[in-house]
Amino acid sequence: MAEEKEVRYDPAVIEPKWQQRWAEDPALYAAEPATSGKRKYYVLEMLPYPSGQLHMGHVRNYSIGDALARHMWMRGCNVLHPMGWDAFGLPAENAALKNNTPPREWTLGNIAAMKRQMQRLGLGYDWATEVTTCLPDYYRWNQWFFLRMYEKGLVYRKQSKVNWCPECATVLANEQVIDGRCWRHEDTIVEQRDLEQWFLRITAYTQELLDGLDALAGWPEKVRTMQRNWIGRSEGTEVDFAVEGSAEKIRVFTTRVDTIFGATSVQLAPEHAIVSSIAAGNPESRAEIDALIEEQKKARESGDLGDIAKRGVPTGRFAVNPYNGQRVPIWVANYILADYGTGAIMSVPGHDERDFEFAAKYGLEVRRVIAPADPGAEAPALPYTSEAGVLVNSGAYDGMSCAAAEKKLQQVAEAGGFGEAKVTYRLKDWGVSRQRYWGTPIPMIHCERDGLVPVPDEQLPVVLPAQVEITQQGGSPLSRVPEFVNTTCPRCGGAARRETDTMDTFVDSSWYFYRYTDARNGSRPFDSGVVRYWFPIDQYIGGVEHAILHLIYSRFWTKVMRDLGLIVNDEPASRLFTQGMVIKDGAKMSKSKGNVVSPDDMVARYGADATRMYALFAAPPDRDLDWQEDGVAGVSRFLGRVWRLAARYAPVAAGARGQKPQPPTGTSLNLLRKLHQTTAKITQDFEGRWHFNTCVAAIMELVNEIQGADAQLASGEVAAPVVRELMITLVLLLAPFAPYLAAELWEQMGEQGAILRSPWPASDPELAKEDELEIPVQINGKLVTVVRVAADAGPREIEAAALADEKVKTRTTGRTVAKIIVVPGRTTNLVVK
RNA sequence: GCGGAGGUGGCGAAAUUGGCAGACGCACCAGCUUGAGGUGCUGGCGCCCUAAUCCGGCAUAGGGGUUCAAGUCCCCUCCUCCGCACCA
């Protein structure tokens with residue numbers, strides 16, 4: 001054979017070439033209109049925060065989404081595969097402080113850099129629909145939605161606690177509070193201050209958000225469970241205890257009203273509103289209560305609230321149990337949460353672990369009011385928390401089951417006007433005010449005469465001013481921009497002041513995926529008809545860290561938009577996939593651990609195809625992935641093998657275009673069988689199992705087998721039309737995983753048009769079928785040998801083949817074969833005695 | 001404490017329904033090739049026993065059970081990771 005200098009596989013040459021071609025063909029990754037007649041498929045990856053650099057978590061997320069999008073394109077779908085930027089947020093202000101760069105400039109620069117990285121990775125996004133949340137043509141719709149919600153009573157103002165650094169004299173975001181101290185002043189304890197804040201009434205949808213989870217079968221159970229816990233529905237009873245010597249009442253919430261005859265004290269949260277009047281005549285307890293509050297605040301800030309010991313202060317006052325008129329002492333205790341239930345409880349030490357612990361510490365009475373239903377049973381030790389018992393020491397209710405007593409006691413309370421059945425939730429309204437510059441301005445105006453006045457729609461957007469000095473001095477940065485603040489009241493025309501708070505960035509990400517469908521609409525957030533076509537999202541892919549906030553806010557926003565008549569879907573996404581983390585040396589990649597792998601480095605060394613394919617090969621997508629650079633090198637070597645295989649056989653494949661194949665035999669048949677098996681396996685995986693790691697492995701096996709038959713391919717024993725089918729299909733199968741190499745080889749084989757628009761290969765079940773199988777033969781469950789039988793052999797033939805085997809014979813002579821189990825196509829087992 | 005996911009070679013992992021445990025890749029070893037810049041090809045590679053074997057034994061965190069047959073199903077115990085965490 002003549003010496004031919006093989007051209008090395010060099011992704012640094014191939015990939016930029018195709019990157020440029022794709023950039024010049026904007027229709028390639030563009031969605032078609034609803035009238036295309038194709039099945040629509042909306043695949044969405046969570047949009048990144050433009051920090052400046054992609055990390056491996058992004059690469060993994062987008063490799064999964066891009067493989068799926070490419071597959072769906074090849075399946076002939078009308079695919080929407082967009083990308084955007086969650087571009088508002090605190091890091092831009094931090095960068096401004098540090099480098100004296102305006103947030104907008106910093107952010108847009110980062111976006112440009114990360115977009116280049118994405119394009120270098122060969123990700124197939126439709127950049128014509130790109131959404132950047134910090135630009136007025138996007139955030140004006142945040143403001144528009146805010147006004148619509150305001151009109152529907154879903155926006156309100158309330159006093160609320162914020163983190164306040166006395167040194168900076170400004171509000172801090174939660175992320176800026178480290179162990180209860182200011183991030184810039186390590187010696188300064190952060191205070192809680194009450195400020196008027198804007199809230200969105202997500203609690204108007206609590207029950208629907210909870211019920212909707214049941215129908216989200218395409219979401220991971222883990223995410224649904226986390227949301228259920230977050231919503232935290234709890235059924236119970238509220239009961240009023242009168243305060244002795246006062247007209248005031250203390251309302252408590254309990255899930256165990258059946259134990260109320262065992263209540264031996266009432267416990268208030270330290271921040272409970274009634275505490276000041278209860279403790280008024282009692283200076284020393286007031287001081288102790290303040291100490292409790294202080295201690296708890298510190299514990300909360302340092303994040304170890306759970307470890308704090310239970311402590312309480314007696315107020316010296318008494319409350320009256322409305323069921324039996326009994327006097328019980330009123331205490332203030334640090335384990336009572338002010339913002340759950342009513343912020344007050346009845347303490348039943350006999351039947352609650354926490355109350356028992358508290359009572360034991362302070363010597364409060366412990367009373368048994370629930371006993372086992374079986375009268376002969378020994379009374380269990382207290383606290384006895386089971387609800388399977390019956391009431392004792394409970395007056396007229398003795399002998400009733402817990403469940404029956406609960407119902408009866410609720411009726412009595414309602415009839416007596418001192419209580420009612422009540423459902424509480426942990427979910428609270430969404431505070432969206434941020435005393436920050438780099439966010440969507442809240443479109444409200446404060447007028448001395450007219451009060452709060454919404455900005456009229458025609459004045460939107462309220463544009464974030466460009467020239468704002470970012471300092472650490474005082475309140476919201478916007479309040480120091482007179483041109484922004486000073487305005488006229490839309491109602492009376494008099495002088496007025498703009499709201500200077502901006503919106504939480506979770507607002508931006510709550511509906512961005514709707515905007516993609518109609519991203520350049522200048523008169524509405526989107527066209528309802530277009531959204532109706534594309535929604536719900538067919539597949540949403542992202543990190544599990546967004547399981548609660550982002551995904552619950554998105555669901556809320558969807559329901560609000562539905563009730564505004566803008567959309568008809570109840571939920572944003574029918575399927576959600578949460579990929580695992582990328583770790584290195586057993587730990588999450590982080591700068592402090594020094595185990596960060598840069599995507600740019602990987603692409604520079606091994607190419608985008610190898611980097612992406614490794615991200616899919618190293619672990620199943622839902623599990624954590626341990627990044628091993630040698631593994632990337634391995635995938636790169638594999639792509640090199642494919643490259644050299646194509647260098648030998650692409651001309652053969654190209655030359656065989658249109659040639660009729662003969663019925664395959666021998667090596668050809670074996671190769672085609674493997675080919676069709678591989679096709680079937682990968683097709684199935686895309687349809688749901690998503691084990692892309694084994695898809696890549698299957699392609700490797702296929703290549704190994706073709707390479708193993710190199711001599712037969714070279715000699716022509718495997719005919720040209722077969723070589724053609726092998727090579728064409730191999731490249732098609734590779735296309736979702738290694739798009740650059742696939743595009744290049746597609747061209748080398750003389751194929752016209754984008755491989756992305758070529759139909760996904762079909763697997764012929766007849767060709768994929770084995771004609772012979774190896775059936776393991778076990779004796780008493782232990783493997784003895786393997787027999788070859790026809791693939792369609794029945795139990796009798798397999799049994800005969802097994803018994804005819806020499807090894808089986810030597811092991812069965814002189815013994816009795818008691819039973820033979822044959823699983824056709826699988827195995828056989830002889831029970832020998 | 002509650003909820004979830006896991007535990008399989010030196011490493012990443014595979015094994016749709018119970019049916020040959022370890023596919024594929026990495027690392028390593030041997031041979032050939034190449035000749036200085038992450039080369040290519042072929043073969044080997046769970047552990048123990050053995051001079052060696054296609055002999056034999058042991059192996060899916062540990063223990064018990066069901067079954068002709070268990071990584072897979074059931075019970076108990078241990079460990080790791082993630083989420084929530086005094087929610088009355």
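Each chain gets a letter, A, B and so on, in the order its sequence line appears, and its residues count up from 1.
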| said: Between B/rG10 and B/rA5, how far apart are the two C1' atoms, rounded to whole Å? | reply: 26 Å
| Does a nitrogen or oxygen in the side chain of A/Arg426 sit under 4.0 Å from OP1 or OP2 of B/rA85? | yes
| field | Quiz item: A/Tyr606 side-chain donor-acceptor pair to B/rG38 base, under 3.5 Å | value | yes
| task | Please state how far atom CD1 in A/Ile682 lies from atom P in B/rU16, giving the value in whole angstrom units. | result | 17 Å
| task | Quick one: look up who B/rA51 pairs with, Watson-Crick or G-U, both distances under 3.5 Å, and put none if it's unpaired. | result | none
| field | Short side-chain N/O contact to B/rC26 OP1/OP2 from A/Arg637, under 4.0 Å | value | yes
| remark: By the Watson-Crick or G-U definition, both distances under 3.5 Å, B/rC86 is matched with none
| request: For B/rC81, give its Watson-Crick or G-U wobble partner with both distances under 3.5 Å, or none. | output: B/rG4
| request: With heavy atoms under 4.0 Å as the rule, sort A/Asn693 into base, sugar-phosphate or nothing. | output: sugar-phosphate
| query | Taking atom C1' of B/rG83 as reference, at what distance in whole Å does atom NZ of A/Lys588 sit? | reply | 13 Å
| field | Near-ring test A/Phe253/A/Tyr425, centroid separation under 6.0 angstrom | value | no
| task | Using a heavy-atom cut-off of under 4.0 Å over every strand shown, decide if A/Asp339 touches base, sugar-phosphate, or nothing. | result | nothing
| request: Return the minimal non-hydrogen interatomic distance between A/Asn321 and A/Ile260, and the atom names on each side. | output: ND2-O, 3.1 Å
| message | What's A/Ala633 touching, base or sugar-phosphate or nothing? Going by heavy atoms closer than 4.0 Å. | response | nothing
| Looking only at atom C1', what distance separates B/rC2 and B/rA85, rounded to whole Å? | 8 Å
| According to a strict under-4.0 Å criterion, is A/Arg689 in side-chain N/O contact with OP1 or OP2 of B/rA15? | yes
| Under 4.0 Å between a side-chain N or O of A/Arg641 and OP1 or OP2 of B/rG25? | yes
| request: Check every strand shown and say whether A/Gly634 touches a base, only sugar-phosphate, or nothing at a heavy-atom separation below 4.0 Å. | output: sugar-phosphate
| message | Rounded to whole Å, please give me the gap between CG in A/Asp685 and C1' in B/rA15. | response | 13 Å
| said: Is it the case that the ring center of A/Phe358 lies less than 6.0 angstrom away from the ring center of A/Trp331? | reply: yes
| query | To the nearest angstrom, how far is A/Leu639 atom CG from B/rG25 atom P? | reply | 13 Å
| Watson-Crick/G-U partner (both atom distances under 3.5 Å) of B/rA69 | none
| field | C1' atoms of B/rU42 and B/rU66, separation to the nearest Å | value | 48 Å
| said: Looking at A/Asn334, I'd like to know whether one of its side-chain N or O atoms comes within less than 4.0 Å of OP1 or OP2 on B/rC86. | reply: no
| OP1, OP2 of B/rA88 versus side-chain N and O of A/Thr424: anything below 4.0 Å? | no
| request: Identify the nucleotide, in any strand shown, that forms a Watson-Crick or G-U wobble pair with B/rA23, with both distances under 3.5 Å; if there is none, say none. | output: none
| Hey, does A/Asp214 have a side-chain heavy atom less than 4.5 Å from the side chain of A/Arg228? | yes
| message | Roughly how many Å apart are B/rG37 and B/rG56, using the C1' atom of each and rounding to a whole number? | response | 50 Å
| task | Report yes if a donor N or O on one partner sits less than 3.5 Å from an acceptor N or O on the other, where the partners are the side chain of A/Lys819 and the base of B/rC68; otherwise report no. | result | no
| task | Have a look at A/Asp622 and say if it touches a base, only the backbone sugar-phosphate, or nothing, with a 4.0 Å heavy-atom cut-off. | result | nothing
| query | Do A/Phe241 and A/Phe418 have their ring centres less than 6.0 Å from each other? | reply | no
| message | Roughly how many Å apart are B/rG18 and B/rG57, using the P atom of each and rounding to a whole number? | response | 28 Å
| message | It should be established whether A/His691 places a side-chain nitrogen or oxygen under 4.0 Å from OP1 or OP2 of nucleotide B/rA15. | response | yes
| task | Taking only the side-chain nitrogens and oxygens of A/Tyr335, find out if one of them lies under 4.0 Å from OP1 or OP2 of B/rA88. | result | no
| Expressed in angstrom and rounded to an integer, what is the separation of A/Met581 atom CE from B/rG6 atom P? | 15 Å
| When you compare B/rC48 with B/rU39, how far apart are their C1' atoms, in angstrom units rounded to a whole number? | 38 Å
| request: If the glycosidic angle is within 90 degrees of 0 it's syn, otherwise anti, so just tell me which one B/rG9 is. | output: syn
| field | Protein-nucleotide distance (A/Leu625, atom CG; B/rG25, atom C1'), rounded to Å | value | 13 Å
| request: Round to a whole Å and report the spacing from CZ of A/Phe617 to P of B/rA14. | output: 10 Å
| request: Using a heavy-atom cut-off of under 4.0 Å over every strand shown, decide if A/Gln684 touches base, sugar-phosphate, or nothing. | output: base
| Taking atom types as they are modelled, is there a donor-acceptor pair under 3.5 Å from the base of B/rC68 to the side chain of A/Asn829? | yes
| message | Please give the distance between the C1' atoms of B/rC73 and B/rC29 as a whole number of Å. | response | 41 Å
| query | So do the side chains of A/Asp240 and A/Ile250 get within less than 4.5 Å of each other, counting heavy atoms only? | reply | no
| What nucleic acid atoms does A/Gln707 come within less than 4.0 Å of, heavy atoms only: base, sugar-phosphate, or nothing? | sugar-phosphate
| query | Do you know the tightest heavy-atom contact between A/Val59 and A/Thr611? | reply | CG1-CG2, 4.3 Å
| task | Scan A/Arg811 against the nucleic acid and name what it touches under 4.0 Å (heavy atoms): base, sugar-phosphate only, or nothing. | result | sugar-phosphate
| query | Just how far, in rounded Å, is C1' of B/rC41 from CZ of A/Phe638? | reply | 17 Å
| Which is true for A/Ile775 with a 4.0 Å heavy-atom rule: it touches a base, it touches only sugar-phosphate, or it touches nothing? | nothing
| said: Tell me whether the side-chain N/O atoms of A/Gln267 come closer than 4.0 Å to OP1 or OP2 in B/rC86. | reply: no
| request: Please determine which of A/Gln677, A/His676, A/Gln684, A/Lys681 meets the side-chain contact (heavy atoms from CB on, under 4.5 Å) test together with A/Ser763. | output: A/His676
| query | Using atom C1' of each nucleotide, how far apart are B/rG71 and B/rG22 to the nearest Å? | reply | 11 Å
| Counting just side-chain N and O atoms, does A/Lys782 come under 4.0 Å of either OP1 or OP2 of B/rC58? | yes
| A/Tyr384 vs A/His351 aromatic rings, parallel, tilted or perpendicular, using cut-offs 30° and 60°? | perpendicular
| task | Determine: side-chain N/O of A/Arg8 to OP1/OP2 of B/rU34, distance under 4.0 Å, yes or no. | result | no
